[in-house]
Every structure is written in structure tokens, then in C-alpha cells.
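Note sheet for the following structure.
Throughout, a chain's letter reflects where its sequence line sits, starting with A, and its residues are numbered from 1.
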Amino acid sequence: MSSQRENIIQRAVQEVENGTIVNLGIGMPTMIANYIPAEKNIFLHSENGLLGIGPYPGEEDVDADLINAGKETVTVKQGGSFFDNAESFAMIRGGHIDLAILGGMEVSSQGDLANWMIPGKMVKGMGGAMDIVQGAQKVVIIMTHTNKNGESKIRKACALPLTGEKVVDRLITDMAVFDFTPSGMVLREVLNGADVKTVEQYTEAPFTIDEALVDREAK
Amino acid sequence: MSSQRENIIQRAVQEVENGTIVNLGIGMPTMIANYIPAEKNIFLHSENGLLGIGPYPGEEDVDADLINAGKETVTVKQGGSFFDNAESFAMIRGGHIDLAILGGMEVSSQGDLANWMIPGKMVKGMGGAMDIVQGAQKVVIIMTHTNKNGESKIRKACALPLTGEKVVDRLITDMAVFDFTPSGMVLREVLNGADVKTVEQYTEAPFTIDEALVDREAK
Amino acid sequence: MTKVQTSFEESVARIQDGDTLIVGGFGLCGIPEKAIQALAEKGTKNLTVVSNNCGVNDWGLGLLLENKQIKKMVASYVGENKIFEEQYLSGELEVELVPQGTLAERIRAGGAGIPGFYTPTGVGTPIAEGKEHKVIGGRQCILEEAIQGDAALVKAWKGDAYGNLIYQKTARNFNPLAAAAGKFTIAEVEELVGVGELDPDFIHTPSLYVQHLLVGTSYEKRIERKTVQQA
Amino acid sequence: MTKVQTSFEESVARIQDGDTLIVGGFGLCGIPEKAIQALAEKGTKNLTVVSNNCGVNDWGLGLLLENKQIKKMVASYVGENKIFEEQYLSGELEVELVPQGTLAERIRAGGAGIPGFYTPTGVGTPIAEGKEHKVIGGRQCILEEAIQGDAALVKAWKGDAYGNLIYQKTARNFNPLAAAAGKFTIAEVEELVGVGELDPDFIHTPSLYVQHLLVGTSYEKRIERKTVQQA
């Protein structure tokens, strides 16, 4: 794993609070599970119908009937449960998931998210992402701050088709943490040696800076 | 039981076909269960969450957790199942019940049913009746032909508030059997010694007479 | 992470005057006896109670009626209760009658984040008055809205410390729906089992719907109509 | 009264050219392997298939794609299948992408007689285009309609002759929803058990949703992403 991705995951795992129900998106977010400290009792929700994802199975325990939303073989934790997809999304839509951490392609200053479709490319489908961003109590997006060309993925407005409008609560990149508040996007933290100036340079979307952060930099 | 009610039940039980799923309303319809021949394999649906009502329990098997929609203690038949009320009415609304037999206060010539509310009297509620008349594949109403004052309960239009509009498929009284078709209400059978003339006399609603019945009376 | 509580009194203290409360049970079958009793003792007032029925004079939700704790009742059938009749006729008690299937579906919708749905149930009846009508797939329907509770009281057969629940026979009825639709769900069980003892394939209410779990003792489980086979 | 059939070939012959077919499964997990194979052999054409995914090139619904039996696919994610991509890009295959939760709810609604419902899912996205919008309880929603199938194919773990079914682990997924939403539901099981052997408190699909029940043998249960713990 690149150190960039590793850094993002390390910061993202701090979002996971003890005793909560968490849904992790496919890809980088799934990897967060490996970093959750053992003393935190978390129930991971998998939208294909499982509450309480356990670790990957040993070779002898691989079960084709027990997979996560990424179609990987998994196990079930003690106290977990299985259910159908209507129930699974009732949990999501009904606000019973405390935290969802998903990947992103673009995030706008008003908290719009695009993460499912690139026009002109083969459309694979949105899976459960549109439901999750509407339903989870807190939606955290993790993504690299810029694309391969060094351009900001945090845009004034998303150019890509949306997954959800005004749905992002927090954005974690390799450089910064932003919150989306009624009064706009706020820079809360700078990460991994970046400073506010660098963040401003690589962020297309306008944002304000948390007072505490201003104070810290002033020191 | 009055012979009038007994006659209605005897005719109504003939509606119950082997291998079907049947919902019986509270009161007189519930009693139909006792008349279903043992060789017919029927699954009785109880809207409080039971498919496969068995006979009343023996004294030692009475279970407060096992009741029918009339709140009577019952048993469960082999191959039966329990479910919650959303599932129970999914079965009803979704068209998975083959036949419902309910009591009636008034039925109109277009197949409207009133059976839940008398203005000026204390309203007890409709329970599941409004769902059942909309959802069951076939709705059969059983009631006495006339009220205590000898007035027709089969009306041009119902005077009482409706349970459902154009929902009755068949009406069985102590005197006659009517079907409700796109071309109106049709008298199919006269029962218990009544003749067409008597039925006409005691029926406010206009109806046509089944050809086969005309032929029979002509003989 | 355990949701086990020991005091019904303290648990129901979460419920505030004026709250909307969803209560499981069908007739007196599967009702949360202990939580209702504690709430009657607590005396919380001006409640909107959503439940298929309203108990009988001296049991179940009838206890809250007797105390005049209920401002509004949302139910499908309320015919078993004299006090109900008195309070309703005197205008003290507001009543919303909802067809049983629509009530179940509205509560399910509340738990499932479905703000509204169309149903043919009630079309052409007094229930449809003032509601939006729409023809979908050739069928005339009315719009019904979700019901959510500030709290829900449910009764299960067994539960574990995380809040996983299973129900027994027809005592399931509205309980799983109420559990999901309550923002704060208090579940009472006859038996607390160890975490892992409930088979994950056969859990009726997954843990995340439950906030408090209490063990009740000496359940009365009153029977409204005891019917037995003639020997 | 028994619903047990012995020939997958005869059962799938109920499905007509042009039918809408709801198929259980998530990825390759819990798919009705045997009925799909029989349908591929039968060659029924112009199908509208509703399923969360569309199999892989040489397995599951991919077999029907390969045969060009599918006219339209309704799914939430179709990224695992090269043939799909080809047919889609060439315009041979019509595709309706539906958010997974909306898809599950639309199928549930089809089985439950709810013609339409409002959901916040998809608001502000391409999914919402052309759909009726309504604010309910302060939330902007779109109207989604029920999906019913002329037939449904589902895979369960165990079943009895009446058609009661139970599923195992995450192989449950869309199967109970599909079973209820199919006008003619063909269920395949790994094991046929005696009537009365399934506990009535723990039946996932009650008998009335199933029309045909068949026992499949030597299930392949292919795994898409075998992941194991590093020792």
C-alpha cells in the first residue's frame, strides 16, 4: 500500500468510536477494519446482509455462503446476524448505521459526493452507495487530495454525476480533514506535514479555516 | 347457532378449495373452519402473524403466545409459520391469499362493502378488513340477507361508511348467492327453499339472474 | 457495549411528556407488560401512543388510559376497552384509526427510512379523505406516511446483551416493527442468553435496533379469549 | 399440496419469452444455479431480468447473457462481466441501474402490494431524473415503483414440500424478496426436509410464496474473491 493510502486509513480509523455500527465501503475503506484497535467493540455492517463482519477466515473455514459487500469471503462475529437486503437497507436508510466511510472521486464545497460514474467510461453501477450516503448518521469520505495529474478532487462543484447531494459530513485526504457545516466547508486539520497554505493551493473548493487550527499555526 | 347462520356457513364452506390459502374474518367466518372437510389441505392465514391455524388447543396446550386474529387461543398446523404484521399484510396486500371470507353489514350492487362502522355508535376500528378486501384474490362476504327489521342489507348504494369500494367478488346470504361482475350483480343461486321472487322482494339492489338459474326455475 | 439495564423505572424515565411511543403487541399478546407498568407508575403525560390495540380496562395500555397519560391513540382496533370509549366520547382522547396493514407498513416505513408509500387499502373509504390519491400500475392508491417513535416499547422471548432479539409464535406481531421504528427502543425479554447463543441466521430483531434491554419476571400473559377444543 | 418437482427443465418451461424474471443472489453468492442452467439450456428469449448483479462471463446470469437471452437488465452493479459490457456498448442490451437499497425495496414492494414509495436515495443524482419529487417530513424524496416478476428464481438452503424455506448466512440476500415478488416462484434447495421439521418461528420464506420446489445437487457455489487470513 502506498504511504498516502496508509496515512488516510490511519486518520480515518480514528473516526470509529467504541460501541458503534459502521459500514465500510469497498476498496480502501474496507482496509480500515484491520486498523481498528481490538479494545473497540465495533459492529461492521455489510449491506449484502450481515451485521458483525469478522476477520477473513482461515483456509479451512472459507464459506461461499458468507461474503461481504466486496464479495470477499469473511466470517461472522459473535453476536452478529444475517438478514435479507430489504432489511439491510432498512437499517441504512432508517438511520441505524452510525458511521459510513466511503471512497470518493470528487467532493464539492457543499458536501456533494461523486463516486460511481465517469461519463464515457463503462458504467458499473452504484451498488449501495446512494442509499448509504442518504441514510448513515455520519458520512466520512476518504480519498487522495488530488488526482494523478495533481488536480484538486475537492471541487467548487462536482463535474462527475453525483452519488448524493449535500451528504458528506467529513472528508479525509492525505493532506487535510474538512467538515461540511451549514456555513460551508471548514478545514479542521492538516495532516502529514502539510500546512494550510499547501492545502489551499491544492483545493479548488473555497473553505474556511477552523479557529483552533489558525491558532495552532500562529504559534 | 341459528339455523340461518348454520345455513350460511354450510354454503360458504363450499368456497374453500383444496390446497388454498384462506383468511377467515372474526365472528361467523371463523366458524367456517370447523366445517372444512379433513381431506382438504387448507392453510388458514391469521393476520396477526400465523399461516396454518390449527384447531383450538386442549386445556393443557393453551398458550398465551399463540392466538388468532380474534384473540382466541389456537394451535399451529404442521408446516405452518409465524411472522410479523408487516409480513402478514405483505401477504394480504400482495395478493398471496387465495380467498378471504368476511362478514358484512351492507353490500352494494357494485360490490362495495360496509362492515366496520355505524355512525353514531362507538367506533371500534377496522382492524385488517380494509387491507384484506383490497388484497385477497377472492373476497366472499357472508351475512344475513336482511336486518332485524326485515330490510335488505343488499343496497343500491351502501348507507354506511365503506370498508372497500368494488371489492366483493361473491356474496352468500341465507337466501342467495350473488356474484359481482363487470356487468353488475348476478344472482347465481337461491338457497334454503327461497325462490327468485322472494330474493327479488328482499333485495334492494338491482341484479340480473344467471341463465342457468332461470332455466332451472322454468322447469 | 452491553445494553442490559436493571431498572424499568430508570429506562422509562427516558420517555418525556408529549413523546410519541410505539408499543408492540396484538391484543394482550406479546405486550411489554413491565415497561407499561413502569410507565404507568412514572406517570409520563400527553403521550401519543401507536399500537394496534389499547389494552383492556385494567391491563396493558389500559393502565395508561386509566391514568389519563394518553393524549392521542393511533390504532386499528380499540373495541375491548370501556375507559377508552368514555375518554373518546368525552373528547379527552384523540383517536386516529388506521387499517391494520397500513399501520404495520407505516411503522415499518418509519424504521426503514421510507417517508411515504402508496397503498390501495382504504381507497373509497373515510380513511382516504384528505389524502393524496394516485393511480399507479392501473390501481387507485392513497399516500400514507411513515410513523417514527421518540421511543418504542417491545417484548421479546429471548435476547442477548447486545440487543439481538427473538420472539415466540404470534407474540411477534408488531414487536419487530416497533423496535426498528423507535429512536430509543426499550426491549424486555423473558430470558437473557449469552452473546453468541442466538443463531445469527435466525435473529428477528438485530441488535442495532435496541437501545435498552431488560429482563422481566413473572409475566402474566393474560389471555383475552381462552378457547379450547371440546373433548 | 406438495410443491416438489423433479425436473428443472419442466419447471423453467413455465417462463415465457418476454417475461420479467426476478433472480435471487448477490454476486455469485446464493444464486439459483440449477434453474439458471436449465433456463440457459431452454433458451427462453427477450427476458427482462431483475437481479442485483449479472453473474460473471461463464457462470450465473452470465450464461443467459452469453446466449443473448436477456433483453433488459435491472441491477445495482454489473462490473464483473465482460460480455455484459460488450452487449451494453453495442446497444443489444438495455440496462436500468437502480441503487441497491431501492432495488431491494422495489422488489419487496412488489411482493407486498405497495405500488410505489418515496425515498431520499438518489435525490440530486441522475437516478432522480424524470421521477416525481416530493418533500415529506422535511426531506426531499423521489417516487419509486414496485417490481413484480412473471416468475422468480430463488435458491434456499433447506425447504419442505409445502414450500417453506430457510437460507444460510449471506446467501439469503435478495432471495426472500424475489420469492415474494414472483407471480410464479421456483425455489431450489440444497436439502428437502420433512414438513414440520422447520421451526415455525424461524422460517424465512413462508410456504405461500413458493409455487415449485426442486432439490439441486452438487452445487458449485463459486467464490468471486477468496480472501483468507494471513497466518
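- Across A/N68 and D/F26, no two heavy atoms sit closer than the pair O-CE2, 3.9 Å.
- For chain A, the nearby part of D/I127 is the side chain; its heavy atoms alone come within less than 4.5 Å.
- Atom CZ of A/F207 is surrounded by more than 12 heavy atoms from other residues, nucleotides or ligands within 6.0 Å.
- Judged as a salt bridge (Lys or Arg N to Asp or Glu O under 4.0 Å), the pairs with a partner in residues 122-146 of chain A (not counting sequence neighbours) are, in order, A/E15-A/K138.
- Among the candidates A/V167, A/L66, A/D61, the residue making the largest number of heavy-atom pairs closer than 4.5 Å to chain D is A/L66.
- Taking D/Q140, D/R108, D/K226 one by one and counting their heavy-atom pairs under 4.5 Å with chain A, the maximum is reached by D/K226.
- Of the two parts of D/P176, only the side chain, counted from C-beta on, holds a non-hydrogen atom closer than 4.5 Å to a non-hydrogen atom of chain A.
- In terms of heavy-atom pairs under 4.5 Å with chain A, the best-connected choice from D/V98, D/L97, D/T121 is D/T121.
- Counting heavy-atom pairs under 4.5 Å between each of D/N175, D/V78, D/N81, D/N173 and chain A puts D/N173 at the top.
- The environment of D/E92 atom CD is dense: over 12 non-hydrogen atoms of other residues, nucleotides or ligands sit within 6.0 angstrom.
- Of the listed residues (D/G79, D/G101, D/G124), the greatest number of heavy-atom pairs within a distance under 4.5 Å of chain A belongs to D/G101.
- Annotation: salt bridge (Lys or Arg N to Asp or Glu O under 4.0 Å) contacts involving residues 69-89 of chain A, sequence neighbours excluded, comprise A/K71-D/E80.
- Closest heavy-atom contact between D/V228 and A/Y56: C-CB, 3.6 Å.
- With a 4.5 angstrom heavy-atom cutoff, D/Y167 does not touch chain A via any of its atoms.
- In terms of heavy-atom pairs under 4.5 Å with chain D, the best-connected choice from A/S88, A/G135, A/G70 is A/G70.
- Counting heavy-atom pairs closer than 4.5 Å to chain D, the top-ranked of the candidates A/M117, A/E59, A/M126 is A/M126.
- Other residues, nucleotides and ligands place more than 12 heavy atoms under 6.0 Å from the CZ atom of D/F184.
- With a threshold of 4.5 angstrom between heavy atoms, D/N53 approaches chain A through side-chain atoms but not through N, CA, C or O.
- Options A/E165, A/K166, A/M130 differ in how many heavy-atom pairs under 4.5 Å they form with chain D, and the most are formed by A/M130.
- By the 4.5 Å heavy-atom criterion applied to side chains, A/W116 and D/P126 are counted as neighbours.
- Taking every heavy atom of both residues into account, A/G164 and D/T125 meet most closely at N-CG2, 3.9 Å.
- The CZ atom of D/R225 sits 9.5 Å away from atom CD1 of A/I67, with the distance rounded to the nearest 0.5 Å.
- Distance check, rounded to the nearest 0.5 Å: CD1 of A/I26 to OH of D/Y77 gives 7.0 Å.
- Considering CD of D/Q100 and CG of A/N85, their distance stands at 5.0 Å, rounded to 0.5 Å.
- Put simply, of A/G125, A/G127, A/A69, the one with the most heavy-atom pairs under 4.5 Å next to chain D is A/G127.
- Shortest non-hydrogen contact noted between D/F84 and A/M122 is CD2-CE, 3.8 Å.
- In plain terms, the two heavy atoms of A/R93 and D/T119 that are nearest each other are CD-OG1, 3.5 Å.
- The greatest number of non-hydrogen atom pairs below 4.5 Å with chain D, out of A/G80, A/G49, A/G128, is found for A/G128.
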For this session: Give the C-alpha distance, both sets of side-chain angles, the deciding distance and a yes or no for side chain to side chain contact (heavy atoms under 4.5 Å, CB included) between A/D63 and D/K169.
Result: CA-CA 9 Å; A/D63 183 346; D/K169 298 176 185 154; 2.7 Å; yes
